[in-house]
**Student:** 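Once you've had a glance at the structure underneath, I'll fire off some questions.
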Amino acid sequence: MQNTKARSNIYALLSRVLLQELDEKTLMMIKSDENILDFFPTLKEWAPLKEVPNEKLLQEYLNPDFVNLSLLHLIPYETFYTREDQKIETGGANPVTDIYSAYNFMVDFEVARTISADHIGVELEFMHHLVEAEMKALQEDDAQAAKELRGIQSEFLNKHLLKWAPLYLINVKYEARTPLYYDAADMALEFMLSDNEYLAKELNL
């Protein structure tokens, strides 16, 4: 159960950091939690994190970097990487739409400010949604449902995130101008691979 909770928290954190610019509340959460900072080793040692006021840190360092990585230079959408014409599928033909619907996962495009459901932040949020459902099944002593949910997580990782996200994240590491996004990309890459191994072991794949 503890491991499931940790997995849920990591997917939620990665989704939040990669989905949209940070606000002061999220920045404070990262800065004040040693456990979270341990996931961001380069950021932890970054002088501006300690020396620059939060508002300036967001406006002049972190958020311009996010815009550069997610809106200007790189494209954080699955279909850009998986379609031959490199077009982003914004309609019902998007490959993740059916699986989201099947597991009651709604994308709030206004809040997320994404143009399509296959944004990396949304796909990571869906993984968080599935792990939360698994945790609920474990709390209710429904081992079968928990196992089925682990199977869905494994399938989603392999059919979706691991097919394209590593390429995007490697590019983020290369292009990042701040340690936050360098570390977030590094962490997401490592975590998805290790979580995939964990799920394969749990499912005896």
Side-chain angles (χ1 to χ4, degrees), residues 2-78 105-132 135 157 161 164-195:
Q2 203 171 352
N3 189 41
T4 309
K5 181 67 181 163
R7 293 174 59 236
S8 172
N9 289 343
I10 292 171
Y11 275 119
L13 175 64
L14 289 171
S15 167
R16 174 63 191 86
V17 172
L18 295 172
L19 188 58
Q20 54 191 185
E21 299 97 327
L22 292 193
D23 53 21
E24 195 157 352
K25 184 182 170 190
T26 312
L27 177 60
M28 280 304 297
M29 178 190 76
I30 292 169
K31 283 175 76 169
S32 61
D33 191 322
E34 279 298 318
N35 291 328
I36 291 178
L37 275 176
D38 285 342
F39 288 121
F40 298 94
T42 324
L43 178 69
K44 197 175 178 178
E45 302 304 319
W46 189 45
L49 190 71
K50 304 173 186 76
E51 296 163 7
V52 176
N54 285 350
E55 195 175 338
K56 187 177 180 182
L57 200 59
L58 290 169
Q59 289 179 1
E60 296 183 19
Y61 294 82
L62 300 177
N63 291 345
D65 197 23
F66 176 86
V67 170
N68 179 53
L69 295 168
S70 297
L71 303 172
L72 298 178
H73 288 126
L74 302 178
I75 299 174
Y77 295 94
E78 177 180 339
F105 179 72
M106 297 286 292
V107 182
D108 190 332
F109 288 104
E110 207 171 304
V111 172
R113 297 214 329 275
T114 61
I115 58 168
S116 173
D118 60 349
H119 187 286
I120 187 168
V122 178
E123 292 196 2
L124 288 165
E125 191 183 338
F126 180 60
M127 285 296 293
H128 165 70
H129 174 78
L130 291 174
V131 180
E132 283 286 297
M135 197 152 62
L157 271 175
L161 276 161
W164 71 277
L167 188 56
Y168 170 69
L169 294 166
I170 287 163
N171 287 332
V172 169
K173 282 178 69 174
Y174 183 74
E175 294 272 347
R177 296 170 185 170
T178 61
L180 173 69
Y181 292 102
Y182 177 89
D183 284 350
D186 196 46
M187 176 190 173
L189 200 51
E190 282 191 29
F191 177 68
M192 284 192 300
L193 292 169
S194 67
D195 200 45

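Quantities reported herein were computed from a predicted structural model and do not represent experimental measurements. Numbers for residues simply follow the sequence, beginning at 1.
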**Student:** Heavy-atom distance under 4.5 Å between the side chains of T42 and D186, does that happen here?
**Tutor:** no

**Student:** Does atom NZ of K25 have more than 12 heavy-atom neighbours from other groups under 6.0 Å away?
**Tutor:** no

**Student:** How far apart are the closest heavy atoms of S15 and G121, and which atoms are they?
**Tutor:** OG-O, 2.8 Å

**Student:** With side chains defined as the heavy atoms from C-beta onward, is the minimum distance between V17 and Y181 less than 4.5 Å?
**Tutor:** yes

**Student:** May I ask you to decide if E132's main-chain N or O and S8's side chain share a donor-acceptor pair within less than 3.5 Å?
**Tutor:** no

**Student:** Evaluate the ring planes of F191 and Y11, with Trp represented by its six-membered ring, and classify them as parallel (under 30°), tilted (30 to 60°) or perpendicular (over 60°).
**Tutor:** perpendicular

**Student:** Could you tell me whether the side chain of D183 and the main chain of L43 form a donor-acceptor pair under 3.5 Å?
**Tutor:** yes

**Student:** Using 0.5 Å steps for rounding, measure from the CG atom of N68 to the CG atom of L74.
**Tutor:** 7.0 Å

**Student:** Does R16 form a side-chain contact (heavy atoms from CB on, under 4.5 Å) with L22? I'd like the steps, not just the answer.
**Tutor:** CA-CA 8 Å; R16 174 63 191 86; L22 292 193; 4.3 Å; yes

**Student:** Could you grab the distance from atom CD of E125 to atom CG of L130, nearest 0.5 Å is fine?
**Tutor:** 11.0 Å

**Student:** So, do F105 and V122 sit near enough that their side-chain heavy atoms are less than 4.5 Å apart?
**Tutor:** yes

**Student:** Yes or no on side-chain contact (heavy atoms from CB on, under 4.5 Å) for I170 and L167, after CA distance, side-chain angles and deciding distance?
**Tutor:** CA-CA 5 Å; I170 287 163; L167 188 56; 5.6 Å; no

**Student:** With side chains defined as the heavy atoms from C-beta onward, is the minimum distance between H128 and L14 less than 4.5 Å?
**Tutor:** no

**Student:** Are L161 and I120 side-chain neighbours, meaning at least one heavy-atom pair lies under 4.5 Å?
**Tutor:** yes

**Student:** Supply the atom-to-atom distance L58 CG to T26 OG1, rounded to the nearest 0.5 angstrom.
**Tutor:** 9.0 Å

**Student:** Evaluate the side-chain contact (heavy atoms from CB on, under 4.5 Å) criterion for residues D65 and Y61: first the C-alpha distance (whole Å), next the side-chain angles of each, then the deciding distance (0.1 Å), finally the verdict.
**Tutor:** CA-CA 6 Å; D65 197 23; Y61 294 82; over 6 Å; no

**Student:** Could you state the interatomic distance from NZ (K31) to CD1 (I36), rounded to the nearest 0.5 Å?
**Tutor:** 13.5 Å

**Student:** Do F126 and E123 have side-chain heavy atoms sitting under 4.5 Å apart?
**Tutor:** no

**Student:** Please report the shortest heavy-atom distance between F66 and Q20, naming the atom on each side.
**Tutor:** CZ-CA, 3.2 Å

**Student:** Look at the side chain of N54 and the backbone N and O of E24, then say whether any donor-acceptor pair between them is shorter than 3.5 Å.
**Tutor:** no

**Student:** Could you measure the distance from the CG atom of L169 to the CG atom of L18? Nearest 0.5 Å is fine.
**Tutor:** 6.5 Å

**Student:** List the steps, then state whether side-chain contact (heavy atoms from CB on, under 4.5 Å) holds for V52 with E60.
**Tutor:** CA-CA 10 Å; V52 176; E60 296 183 19; over 6 Å; no

**Student:** Under 6.0 Å between ring centres: does that hold for Y182 and W46?
**Tutor:** no

**Student:** Please state whether the rings of Y77 and H119 are parallel, tilted or perpendicular, taking 30° and 60° as the class boundaries.
**Tutor:** perpendicular

**Student:** Ignoring hydrogens, what is the shortest heavy-atom contact between L19 and T114? Give both atom names and the distance.
**Tutor:** CD1-CG2, 3.7 Å

**Student:** Just so I know, are the side chains of L57 and P48 near enough to count as touching, which here means a heavy-atom distance under 4.5 Å?
**Tutor:** yes

**Student:** Kindly assign one of parallel, tilted or perpendicular to the pair W164 and Y168, based on the angle between their ring planes and the thresholds 30° and 60°.
**Tutor:** tilted

**Student:** Check whether any side-chain N or O of K44 sits under 3.5 Å from a backbone N or O of F39 as a donor-acceptor pair, and report yes or no.
**Tutor:** no

**Student:** Could you measure the distance from the CG atom of D38 to the CD atom of E34? Nearest 0.5 Å is fine.
**Tutor:** 6.0 Å

